[in-house]
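A quick write-up on the structure given underneath.
Computed over heavy atoms, backbone and side chain alike; hydrogens, waters and symmetry mates excluded.
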Amino acid sequence: MTTKLIFLGGGNMAEAIFAGLVNNPQFKIEVIQRNLEKAARLKSIYPNIQVTATLDYTLKHDDILVLAIKPQQAKESCSAIKDKISNCLIVSVMAGLSINSINSWLNNPRIIRSMPNTPSSVGKGITALYAPDTISADEEQIVGQIFTTVGMTYHAQNEAEIDKIVPVSSSSIAFVYYFMEGLIENAVSEFGFERQQATALVKQVISGSSALLDANPEIAISEHRARVTSKKGATEQGVLTFEREQLHLMMKHAMQNCYARTLEMAKEFN
């Protein structure tokens, strides 16, 4: 059986998802993209996907609509087509918008919330999913299959976890990049490396570190770190500096502030 999968919005996150499904015969994909330039680009890259400017028909019960628009545009965009999407399954990839808010615009309680992160665009993402009681086990399973095409999935126990995962697996991508920027900048300014060399070295450090964890899942991360940190060695001096400067406390504050802003934005959009 083929499932019709319609994306309202064809931006980066939407493309990351449907790009992994274009060759999957289980799904027939359509993208609603009003921007003519973006629509033309999608048509040229994905000739097997139907790209249209508007949704001009009523979706059926087994169809899946993915809301992949900006949260500040959601109410207007959803309200404009609510009569056409009152019977389908809805998946929101919009940060901050609650199921209750979306349902109040659409009068359709069959809504799953999701929170993908940007590495989904290269198949290495994490997507948190929350399905309320209005969603059947089969519906939750097929939505899970959609997101496993772009990485791993995490099934949240409640909707609040969707917001809590933002500092853990979404915004934390920027935190990792910020740490990498510091390593690169100091490799250039303090130790004389060319920027291209420093960037290549640091990227390989991150990639290799992750690969070591994957190759030895029975070993705790703290043990991996200890194995690199010889007593009275050079690495230990760097780690001790992090401890003195309370790096973990700084990370805690960064994650707390990130989560607090997530809740603030939710109030603004809902």
Side-chain angles (χ1 to χ4, degrees), residues 11-17 20 68 70-71 91-98 112-130 144 146-187 198-199 201-217 219-226 228-229 238-239 241-243 245-269:
N12 293 338
M13 189 55 69
E15 185 175 358
I17 300 167
K70 295 180 180 179
V91 179
S92 169
V93 298
M94 301 180 296
L97 284 173
S98 68
I112 293 178
R113 275 193 68 186
S114 68
M115 180 58 63
N117 65 3
T118 52
S120 297
S121 63
V122 292
K124 296 291 186 179
I126 302 172
T127 302
L129 296 169
Y130 172 68
I146 291 170
F147 286 99
T148 55
T149 64
V150 294
M152 65 174 285
T153 56
Y154 172 81
H155 290 267
Q157 298 301 306
N158 51 63
E159 190 171 0
E161 274 197 317
I162 295 292
D163 294 322
K164 290 179 179 178
I165 206 167
V166 171
V168 178
S169 67
S170 294
S171 297
S172 58
I173 302 298
F175 304 161
V176 172
Y177 289 156
Y178 194 77
F179 185 78
M180 292 174 69
E181 286 180 65
L183 290 174
I184 293 167
E185 289 300 325
N186 284 291
T199 301
L201 290 169
V202 170
K203 285 171 60 179
Q204 186 64 18
V205 165
I206 299 298
S207 175
S209 300
S210 181
L212 270 177
L213 295 179
D214 289 341
N216 302 278
I219 301 175
I221 293 176
S222 59
E223 176 60 23
H224 276 287
R225 190 253 305 159
V228 184
T229 312
V239 172
T241 303
F242 287 142
E243 290 181 354
E245 299 294 334
Q246 296 185 295
L247 178 61
H248 282 188
L249 181 61
M250 293 172 62
M251 292 168 65
K252 175 183 176 180
H253 291 162
M255 295 174 74
Q256 287 175 331
N257 291 336
C258 175
Y259 177 57
R261 180 55 185 153
T262 299
L263 298 182
E264 288 176 359
M265 290 191 297
K267 291 179 181 179
E268 294 170 5
F269 296 145

Given side chains that start at C-beta, do those of [X] and [Y] come closer than 4.5 Å, heavy atoms only?
X	Y	value
D163	E161	no
M265	P71	no
Q256	Y259	no
V176	E181	no
I17	F147	yes

If you round to the nearest 0.5 Å, how far is [atom2] of [Y] from [atom1] of [X]?
X	Y	atom1	atom2	value
L97	S92	CG	OG	6.0 Å
T199	E185	OG1	CD	8.5 Å
M255	S171	CE	OG	9.5 Å
I165	N117	CD1	CG	8.5 Å
T153	H155	OG1	NE2	4.0 Å
K70	M94	NZ	CE	13.5 Å

Hey, are Q157 and Y130 close enough side-chain-wise for a donor-acceptor pair under 3.5 Å? no
Any carboxylate oxygen within less than 4.0 angstrom of a Lys/Arg side-chain nitrogen, looking at R261 and E264? yes
For the [atom1] atom on [X], are there more than 12 heavy atoms of other groups (residues, nucleotides or ligands in this structure) within a distance under 6.0 Å?
X	atom1	value
F175	CZ	yes
N186	CG	yes
E223	CD	yes
L249	CG	yes

Please name the pair of heavy atoms, one in [X] and one in [Y], separated by the smallest distance, quoted to 0.1 Å.
X	Y	value
S114	L129	CB-CD2, 3.4 Å
A156	I162	CB-CD1, 4.2 Å
S169	I126	CB-CD1, 3.9 Å

Residues two or more places apart in sequence or in another chain: which of them pass side chain to side chain donor-acceptor pair (under 3.5 Å) with H253? none
Pair up each side-chain donor or acceptor in residues 203-216 with any protein partner under 3.5 Å, not counting sequence neighbours, and list the distances.
unit_1, atom_1, unit_2, atom_2, d
S209, OG, V205, O, 2.6
N216, ND2, L212, O, 3.0

Just by modelled atom types, is the M115 backbone N or O under 3.5 Å from a matching donor or acceptor in the T127 side chain? no
Does P116 offer a backbone N or O that forms a donor-acceptor pair with the side chain of S120 under 3.5 Å? no
